Enquirer: 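Handing you this structure, nothing more for now.
The structure presented is a predicted model; accordingly, all values stated were derived computationally and were not measured. To find a chain, count down the sequence lines: A is the first, B the second, and so on, and within it residues start at 1.
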Number of protein chains: 2
Amino acid sequence: MKNQDFINKLRNSGLRPTKQRIKICEALFNTEKTFHFTVNDLAKMMQKNFNEKISLATVYNTLHAFKKKGYVKEISLGNDKSYFDTNISSHHHFFDTKTNELIDIDSSKVELKNIPNPPKGKSIKDIDIVINVENDSQ
Amino acid sequence: MKNQDFINKLRNSGLRPTKQRIKICEALFNTEKTFHFTVNDLAKMMQKNFNEKISLATVYNTLHAFKKKGYVKEISLGNDKSYFDTNISSHHHFFDTKTNELIDIDSSKVELKNIPNPPKGKSIKDIDIVINVENDSQ
DNA sequence: AATTTACTTTATAATTAGTCTAAAGTAGAA
DNA sequence: TTCTACTTTAGACTAATTATAAAGTAAATT
Ligand SMILES: [Mn+2]
Ligand SMILES: [Mn+2]
Ligand SMILES: [Zn+2]
Ligand SMILES: [Zn+2]
């Protein structure tokens with residue numbers, strides 16, 4: 001994907017293609033593989049790898065906007081900070097509680113045997129499965 | 001359970017039975033049903049229902065101590081604050097994303113069809129399943 | 001093209017959950 | 001009763017996130 005594609009993508013979804021948003025698109029979507037990151041990770045990545053100092057507020061704004069448009073997912077763990085995910089397909093995670101590393105689980109590799117009925121009057125929005133892992137202490 | 005039982009329970013697990021810990025035991029374990037709560041919930045509950053002003057630091061200390069002893073569980077959601085659970089049996093949750101209400105799912109009602117192999121060198125500690133729900137918008 | 005408008009970025013302040021600290025208090029051992 | 005180690009506490013501190021309001025910029029209007 002090239003620059004102009006991002007501009008179109010942004011414009012098509014009603015977001016003005018600003019310099020900051022385009023650069024963030026490059027960082028997030030011009031990659032071979034999808035990945036997980038925190039707001040801070042991204043801010044630093046923009047600075048170092050893209051030579052673009054973007055204010056934290058803008059990083060938050062942009063990620064929330066992208067999330068609303070479905071371009072990224074937000075993953076919340078017990079970890080007091082939240083993670084974003086450029087893999088927007090429906091999938092679950094391993095989470096290394098020692099290193100705070102998130103690892104995708106292939107969709108087909110984990111499935112519920114039975115989905116319980118939600119409490120009366122409520123309906124299911126989505127399901128998060130997190131498998132906490134740790135390094136084998138040799 | 002009466003007061004003396006809590007004192008023994010605490011002493012047996014190497015925790016000094018202080019006034020604060022005993023009162024918190026009463027609040028948490030002298031109930032018909034198990035329940036979910038935040039640190040703030042508990043601090044307020046102690047004040048109002050038990051006439052016991054316990055400093056926030058102590059509430060944190062006590063909950064972390066109780067967690068380590070296995071008397072409560074901690075549940076982490078995207079919600080920036082964490083929840084504690086007096087239901088220490090292995091179980092999963094519905095989470096109402098609008099009201100921030102946690103609801104137990106009976107252990108038998110949800111089960112994985114297949115547990116994926118953890119990444120090489122890591123082993124599974126535990127699995128958290130959260131089914132996000134919302135009120136039917138009538 | 002110049003002007004206007006609405007949206008966006010930014011620095012900075014505010015909020016909030018949680019941790020840390022060091023002094024004062026207390027349970028249990030001696 | 002005295003001593004010691006553990007505990008409680010107020011208040012300072014940290015860190016993620018949100019709010020504010022001024023300055024900047026993309027797009028629409030003239
Ligand atoms: Mn925590
Ligand atoms: Mn959040
Ligand atoms: Zn993922
Ligand atoms: Zn529960």
Enquirer: Find the distance B:Leu77:CG to C:dA17:C1' and express it as a whole number of Å.
Expert: 14 Å

Enquirer: Rounded to the nearest angstrom, tell me the gap between atom CZ in B:Phe37 and atom C1' in C:dA17.
Expert: 16 Å

Enquirer: Going by number, which of residues 11-20 of chain B have a non-hydrogen atom under 4.0 Å from DNA chain C?
Expert: B:Arg11, B:Arg16, B:Pro17

Enquirer: Do the rings of B:Phe29 and B:Phe6 sit parallel, tilted or perpendicular, given the 30° and 60° boundaries?
Expert: tilted

Enquirer: With sequence neighbours left out, write down each residue that passes side chain to side chain contact (heavy atoms under 4.5 Å, CB included) with A:Thr34, or none if nothing qualifies.
Expert: A:Thr86, A:Asn87, A:Asp104

Enquirer: Report the distance from atom CD1 of B:Ile54 to atom P of D:dA10, rounded to the nearest whole Å.
Expert: 11 Å

Enquirer: Which of these nucleotides, D:dT7, D:dA10, C:dA17, is closest to any side-chain atom of B:Asp80?
Expert: C:dA17

Enquirer: With respect to the phosphate group of C:dT9, does any side-chain polar atom (N or O) of A:Lys23 fall under 4.0 Å of OP1 or OP2?
Expert: no

Enquirer: State which of D:dT17, D:dT8, C:dG18 makes the closest approach to the side chain of B:Asn61.
Expert: D:dT8

Enquirer: What residues, two or more places apart in sequence or in another chain, satisfy ring pair (Phe, Tyr, Trp, His ring centres under 6.0 Å) together with A:His92?
Expert: none

Enquirer: Give the ring-plane orientation class for B:His64 versus B:Phe84, where under 30° counts as parallel, over 60° as perpendicular and anything between as tilted.
Expert: tilted

Enquirer: Find which nucleotide of DNA chain C each of B:Tyr83 and A:Thr58 is nearest to by heavy atoms, and output the residue with the more 5' nucleotide.
Expert: A:Thr58

Enquirer: B:His93 and side chain to side chain donor-acceptor pair (under 3.5 Å): which single residue from B:Asp128, B:Asp85, B:Asn132 fits?
Expert: B:Asp85

Enquirer: If I take atom NZ in residue A:Lys69 and atom C1' in nucleotide C:dC7, what distance separates them, rounded to the nearest angstrom?
Expert: 13 Å

Enquirer: Give each protein N/O atom lying under 3.5 Å from an N/O atom of nucleotides 12-15 of chain C, with the pair distance.
Expert:
none

Enquirer: Evaluate the ring planes of A:His36 and A:His91, with Trp represented by its six-membered ring, and classify them as parallel (under 30°), tilted (30 to 60°) or perpendicular (over 60°).
Expert: tilted

Enquirer: With sugar-phosphate meaning primed atoms plus P, OP1 and OP2, does B:Leu56 contact a base, only sugar-phosphate, or nothing at under 4.0 Å between heavy atoms?
Expert: nothing

Enquirer: Who pairs with B:Phe50 by ring pair (Phe, Tyr, Trp, His ring centres under 6.0 Å), at least two apart in sequence or on another chain?
Expert: none

Enquirer: Nearest whole Å is fine: how far is C:dT8 P from A:Ile22 CD1?
Expert: 13 Å

Enquirer: Tell me the interatomic distance from A:Lys81, atom NZ, to D:dA16, atom C1', rounded to whole angstroms.
Expert: 9 Å

Enquirer: Shortest non-hydrogen contact from A:Phe66 to A:Leu10?
Expert: CE1-CD2, 3.7 Å

Enquirer: Output the single nucleotide from C:dG18, C:dT9, D:dT18 whose closest atom is nearest the side chain of A:His64.
Expert: D:dT18

Enquirer: Just the rounded figure in Å: distance from P of C:dT9 to CG of A:Leu63.
Expert: 12 Å

Enquirer: Going by salt bridge (charged side-chain N to carboxylate O under 4.0 Å, His left out), name the residues that satisfy it together with B:Glu52, two or more places apart in sequence or in a different chain.
Expert: B:Lys19

Enquirer: Which pair of non-hydrogen atoms, one from B:Ala27 and one from B:Met45, has the smallest distance, and what is that distance?
Expert: CB-SD, 4.2 Å

Enquirer: Nearest to the A:Asn40 side chain among D:dA16, D:dT18, C:dT10, which nucleotide is it?
Expert: D:dA16

Enquirer: Output the rounded distance in Å from CG (B:Leu10) to C1' (D:dC6).
Expert: 14 Å

